[in-house]
Number of protein chains: 2
Amino acid sequence: MRRTRFDDAECPIARVTDLFGEWWTPLVLRDAMYGITKFEDFQHELGVSRAILTARLSRLVDEGYMDKVPYQDRPVRHEYVLTDKGRAMWDVLAVMWRFGEEHLWEDGEQPLVELAFRDTKERVRPVVVDEATGRPVDLAAIRIRSRTRTRR
Amino acid sequence: MRRTRFDDAECPIARVTDLFGEWWTPLVLRDAMYGITKFEDFQHELGVSRAILTARLSRLVDEGYMDKVPYQDRPVRHEYVLTDKGRAMWDVLAVMWRFGEEHLWEDGEQPLVELAFRDTKERVRPVVVDEATGRPVDLAAIRIRSRTRTRR
DNA sequence: CCGAGTCAGTTCTTTTGTTGAACTGACTCC
DNA sequence: GGAGTCAGTTCAACAAAAGAACTGACTCGG
């Protein structure tokens, strides 16, 4: 019995979960965001099994999150670089970061690392708002509806 | 060999992944956000195995995302309701929603469901910005640094 | 008061995934 | 020509998921 797939669900959250719910995948993407590109570097950084890393990178390439580009011949060596689609995942990781630092440390404790803007050196605190209005995306103020109009 | 745990990692993303990376967990949380509270309803809605659902709900309760509250005696029946911590996960789900609808449908296709504000009926498009400044949380403009000051 | 139904699990077997370690192969560099 | 680097593949042991059946404590209708 194969693990249930969610990649053709009607719910966007479920489709993302199909990728993101694979063990190690969010951390591979995270390290890619930090600038890691080589197989060995991912492997050392994460401590993941080489077999799993191969499978995860292959899927990320197949689904357009990363490109596998040769950077030398003899022997052929590749690096894994994020595509625009891959880089768009940063939003998800940033919000996970915020949730984690707010809720997953003991009271009075904080993670040893934080996000900061390069230019102003101010700490970054990611929040989610509506693009057009800037309103917070509060669960109580939102509903899910079926998209019947604007077929476009 | 037990699956590698990330719940004591120094990186906030890794800690969130430890929970979120478990198969079905994001979908259980999603359905809880939509108002589902009973074991049977989760099970029917998701089609998940009962054993897995038991394990996922137990973990969510243990770690403070949900409360298991009795709503009747004889026989004792419980409902699973989100805590504030659980509800705070909505931000993560909302951004996953946005990513999914933008990137995980074929060109010209769109999901059948969308998010809308209850009051204005306008469609919601979640984006991630810095809480204090409203600046977009752009990967290129950000760096990770170790938190040496502001011990607080 | 008997049988059907409901809710919330637990137990079971089969299949799939993950881990860690060893192995392969194509090189380069000294 | 031996050591080192990079990017994998293969393998055995173990963990996790799927699906289905089973348990148990009730309620309710006839």
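In what follows, chains carry the letters A, B, and so on, assigned in the order in which the sequence lines appear, proteins first and then strands, with residues in each chain numbered from 1. The shown structure was predicted, so the numbers you read here are calculated from the model rather than taken from an experiment. For the numbers below, each heavy atom of this structure counts, side chains included, while hydrogens, waters and symmetry mates do not.
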Without decimals, in angstroms, what is the distance between [X] [atom1] and [N] [atom2]?
X	N	atom1	atom2	answer
A:R5	D:dA17	CZ	P	14 Å
A:K38	D:dA7	NZ	C1'	12 Å
B:E40	C:dG9	CD	P	9 Å
B:Q72	D:dA25	CD	P	15 Å
A:F39	C:dA26	CZ	C1'	16 Å
B:H78	C:dG9	NE2	C1'	11 Å
A:R77	D:dT5	CZ	P	12 Å
A:D41	D:dA7	CG	C1'	12 Å

Item to complete: Please test A:L46 against A:R30 for side-chain contact (heavy atoms from CB on, under 4.5 Å), starting from the C-alpha separation and ending with a verdict.
Response: CA-CA 10 Å; A:L46 294 170; A:R30 177 200 65 181; 3.7 Å; yes
Mark yes or no for whether [X], through its side chain, and [Y], through its backbone, hold a donor-acceptor pair below 3.5 Å.
X	Y	answer
A:E22	A:R56	no
A:R125	B:A132	no
A:Q43	A:S49	no

Worksheet item: Where along residues 43-55 of chain B does a heavy atom fall under 4.0 Å from DNA chain C?
Response: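 Hits under 4.0 Å, by residue number: B:R50, B:A51, B:T54.
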Worksheet item: Which other residues belong to the hydrophobic cluster containing B:V127, where Ile, Leu, Val, Met, Phe, Trp and Tyr are joined when side-chain heavy atoms lie under 4.5 Å apart, directly or via other members?
Response: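 Its cluster mates, by chain and number, are A:V127, A:V129, B:V129.
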Discussion item. Applying a 4.0 Å non-hydrogen cut-off, can you work out what B:F42 is touching in the nucleic acid: base, sugar-phosphate, or nothing?
Written reply: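 Contact class for B:F42: none.
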Fill in: 5' precedence on DNA chain C between B:L57 and A:V76 (nearest-nucleotide basis)
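Mapping each residue to its closest nucleotide by heavy atoms, the 5'-most match is B:L57.
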Discussion item. Do B:R15 and A:W105 form a cation-pi contact, if we require the NZ or CZ to be under 6.0 Å from the six-membered ring centre and within 45 degrees of the ring's axis?
Written reply: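 B:R15 over A:W105 ring: yes.
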Worksheet item: What pair of heavy atoms forms the shortest contact from A:P26 to A:L93, and how long is it?
Response: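 Taking A:P26 first and A:L93 second, the nearest heavy atoms are O-CD2, 4.1 Å.
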Worksheet item: Nearest of D:dA18, D:dA7, C:dT18 to any side-chain atom of B:R3?
Response: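 So the nucleotide nearest the side chain must be C:dT18.
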Worksheet entry | Short side-chain N/O contact from B:W24 to OP1 or OP2 of D:dA16, under 4.0 Å |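 It does not, given that no N or O in the side chain of B:W24 lies less than 4.0 Å from OP1 or OP2 of D:dA16.
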Worksheet entry | Any B:Y80 side-chain nitrogen or oxygen under 4.0 Å from OP1 or OP2 of C:dG9 |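 So the side chain of B:Y80 is within the cut-off, an N or O lying under 4.0 Å from OP1 or OP2 of C:dG9.
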